[in-house]
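Before any comments, here is the structure.
Every chain is numbered from 1 and lettered A, B, ... according to where its sequence line falls, protein lines coming before strand lines.
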Amino acid sequence: MKIATWNVNSIIARQPVVLKWLAKEKPDVLCLQETKCTNEKFPREGFEKLGYAVEAHGQPTYNGVAILSRKKCADVRRGFPEVEDPSHARLIAATVGGVRVVNIYVPNGQSVGSEKFKFKLEWLRRLREFFDEHYWADDRVLVCGDFNVAPEDRDVHDPDLWRGRILFSKPEKDALAEVKAWGFTDAFRLKEERGGFYSWWDYRTGAFRRNDGLRIDHVWVSEPLAEDCARAWIDKEPRGWERPSDHTPVVTEFK
DNA sequence: ATGGTGGATGGTCCA
């Protein structure tokens with residue numbers, strides 16, 4: 001089974017490149033973040049023609065997540081169990097092919113110390129609690145999405161420039177490490193130890209041309225899935241296409 | 001120190 005994640009920065013604006021990539025890569029599951037539209041406005045038809053069912057959890061203008069799947073999705077959950085702030089559509093989960101897929105869009109946090117930064121840390125704390133409440137470490141659980149945190153120096157093009165800044169500050173890395181300590185393994189790091197692989201490049205400053213990127217999009221898996229992980233990689237190609245997202249897909253394959 | 005670009009939206013907010 002092939003499972004991928006991609007922050008598309010508006011699914012309406014990005015439908016052409018997402019369709020192109022699906023036709024090329026043919027994943028079983030594609031998790032999307034920053035769809036930026038309501039479930040009613042989600043452009044389903046093109047994806048359904050390619051054989052994908054759409055499970056969306058969106059809102060107007062901001063955030064929004066969705067799962068595209070060739071196989072049937074069961075037990076779809078939208079948001080945390082309690083009454084979540086309805087202005088934040090950031091989590092959708094579904095069971096596909098025996099895997100519990102949790103697709104997340106972690107708050108960006110804007111700048112270290114801001115109100116949005118506090119919200120990001122609190123959201124990550126709640127996420128750890130969510131896994132504690134719902135799953136066992138020997139379940140086949142996969143969490144993927146835009147985590148908005150680069151975990152280590154080798155995930156950042158210039159760690160000394162980024163150290164202490166949003167996406168690479170210690171409180172964020174610590175909060176994300178607490179989620180990981182639930183029992184997750186970074187699928188990408190099972191297959192690649194070197195630095196220089198990124199999933200996001202700022203639109204500004206021509207970052208992509210210089211490969212000035214950060215690895216902030218991740219696929220993490222529980223132990224049973226880690227044992228079955230056959231491949232994991234970042235597909236840089238769509239970042240170079242016409243009218244790209246500022247993120248590119250992260251792809252995994254399981255036996 | 002600031003701004004650079006892109007998307008939704010219709011003056012700004014967000015990333």
Exercise. How many Å lie between CG on A:Asn7 and P on B:dC14, as a whole number?
Worked result: 17 Å

Could you list the protein-to-nucleotides 4-8 of chain B atom pairs, N/O on both sides, closer than 3.5 Å?
unit_1, atom_1, unit_2, atom_2, d
B:dG4, O6, A:Arg204, NH1, 3.1
B:dG7, OP1, A:Arg14, NH1, 3.0
B:dG7, OP1, A:Arg14, NH2, 3.4
B:dG7, O3', A:Ser10, OG, 3.3
B:dA8, OP1, A:Ser10, OG, 2.3

For this session: Figure out the CG/P separation between A:Asn108 and B:dC13, and round it to whole Å.
Result: 16 Å

Problem set entry | Main-chain N/O of A:Trp201 paired to A:Arg239 side chain as donor or acceptor, under 3.5 Å | yes

Problem set entry | Sugar-phosphate only, base, or nothing, as touched by A:Tyr105 at under 4.0 Å among non-hydrogen atoms | sugar-phosphate

Problem set entry | Full working for side chain to side chain donor-acceptor pair (under 3.5 Å) between A:Ser10 and A:Glu34 | CA-CA 6 Å; A:Ser10 167; A:Glu34 276 207 278; over 6 Å; no

Exercise. Would A:Arg165 count as a cation-pi partner of A:Trp162, with NZ or CZ less than 6.0 Å from the six-membered ring centre and within 45° of the ring normal?
Worked result: yes

Problem set entry | Pair A:Arg189 + A:Asp155: basic N to acidic O under 4.0 Å | yes

Exercise. What's the CZ-C1' distance between A:Phe119 and B:dC13, to the nearest Å?
Worked result: 16 Å

Problem set entry | Protein-nucleotide distance (A:Gln59, atom CD; B:dC14, atom C1'), rounded to Å | 12 Å

Exercise. Can the positive tip of A:Lys2 be found less than 6.0 Å from the middle of the six-membered ring of A:Phe254, inside 45° of the ring normal?
Worked result: no

Exercise. Just by distance, with hydrogens left out, do A:Arg70 and A:Tyr52 show a side-chain donor and acceptor under 3.5 Å apart?
Worked result: yes

For this session: Nearest whole angstrom, please: distance from the C1' of B:dA15 to the CG of A:Asp246.
Result: 7 Å

Problem set entry | Within 45° cone and under 6.0 Å: A:Arg231 NZ/CZ vs A:Trp233 ring | yes

For this session: Taking only heavy atoms on the protein side, list every residue of residues 144-162 of chain A lying under 4.0 Å from any atom of DNA chain B, sorted numerically.
Result: none

Seminar exercise, completed: Sorted by chain and residue number, the ring pair (Phe, Tyr, Trp, His ring centres under 6.0 Å) partners of A:Phe188 (sequence neighbours excluded) come out as A:Phe197

Exercise. B:dA15 C1' sits how many Å from A:Ile216 CD1, rounded?
Worked result: 10 Å

Seminar exercise, completed: Rounded to whole Å, NE2 of A:His247 lies from C1' of B:dC14 at a distance of 12 Å

For this session: Would you please say whether a donor-acceptor pair under 3.5 Å links the side chains of A:Asn9 and A:Lys36?
Result: yes

Exercise. Taking the C1' atom of each, how far is B:dC14 from B:dG10, in whole Å?
Worked result: 16 Å

Exercise. Looking only at atom C1', what distance separates B:dA15 and B:dG3, rounded to whole Å?
Worked result: 15 Å

Exercise. Just how far, in rounded Å, is C1' of B:dA15 from CZ of A:Arg90?
Worked result: 11 Å

